[in-house]
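Notes for the one structure printed next.
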Amino acid sequence: MTNAFGVHALVWTGGWEPEQAEFAISRTAAAGYDLIEIPALDPSAIDVDDTRARLEVHGLAATMTLGLTFATDINSEDAALVAAGRDTLMSALQVARGVGATHLGGVIFSAMDKYPGPGTAAARANSVAVIKELAQESARSGITITLEFVNRYESNLLNTVQQTLDYMDDVDEDNVVVHADVYHMNIEERGFRTPLLLAGDRLGYVHIGESNRGYLGQGTIDFEEVFGALADMNYEGPITFESFSSAVVDQHLSNTLAVWRNLWEDSMDLGTHAREFMASGMENARATVGSR
Ligand code: MN
């Protein structure tokens, strides 16, 4: 009973040229992680064979995440935007398959941006239809689709566990899972334990991040509650660390996530600290469950 621990590549580098991929992958392995989460906002920027080979050399698994944009928004009533978003997701799936990723997800159900108004039923239906198609195609390669519900400033469609479960009911495909990020939950949910237990065995991916997205333990997230809930529900899926600082910048992602200030400089210190924080947090929580 243990989880695979991962780290988002933006802890190390803001691009994916071969030398940047090597840096991120080698540092992820050196910091003791099992997997690296590779952002694929522009799937065509990833050299599939190069990345796959480097992952093999360093013995790392990979997952892939992205956020759609208003130009590729499947949560829209505009058929051209929906088609553009579908193309982006299918390209990302090809790249995920090529590098050997186990999971593909993120804010793939809508644009990752601040919407000017609430969503519509017709836009949501378009999103559901594309994700259903993506899930069916992904299932052929054994890839799990993760739906990362996010805070209200980054999507108008899925902001809570309950909304994500309702959406998943409509998608109705077995390889689609809830992707919970405690940074977003901290803004939108009433706590951590109740919504995580609500997701139950439909929870399949977890992002661990602080309330200010910096060092774990230096913000206001109640990690004892988070790890306690995950241990109680015997969550066995990946747990991935996310942190963002102006020290490492990706033009698309950093601006979308409003990364305006410097929360850390030393990626290796941050990454090794987070690995230990998550592993010991889960170990202690599981020991508490076991001793009951
Ligand atoms: Mn996240």
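Note that this is a predicted model, so its numbers are computed, not measured. Whatever order the structure lists ligands and atoms in, that order sets their numbers, starting from 1.
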Angle in degrees, rounded to 10°, that OD2 of Asp181 and ND1 of His207 form at the Mn ion (ligand 1):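 Angle ND1(His207)-the Mn ion (ligand 1)-OD2(Asp181): 110°, rounded to 10°.
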Working for ring pair (Phe, Tyr, Trp, His ring centres under 6.0 Å), residues Phe149 and Phe109: CA-CA 9 Å; Phe149 60 96; Phe109 46 82; 8.8 Å; no
Geometric class of the Phe223/Phe277 ring pair [parallel <30°, tilted 30-60°, perpendicular >60°]: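 Rings of Phe277 and Phe223: perpendicular, as their planes differ by over 60°.
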Working for salt bridge (charged side-chain N to carboxylate O under 4.0 Å, His left out), residues Arg124 and Asp170: CA-CA 10 Å; Arg124 183 181 181 282; Asp170 292 344; 2.7 Å; yes
Name, closest N/O/S atom of Glu242 to the Mn ion (ligand 1):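 Nearest N/O/S atom of Glu242: OE1.
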The Mn ion (ligand 1) to Glu148: nearest N/O/S atom name: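 Nearest N/O/S atom of Glu148: OE2.
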Heavy-atom closest pair, residues Val226 and Leu196: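 In terms of heavy atoms, the two residues are closest at O-CD1, 4.2 Å.
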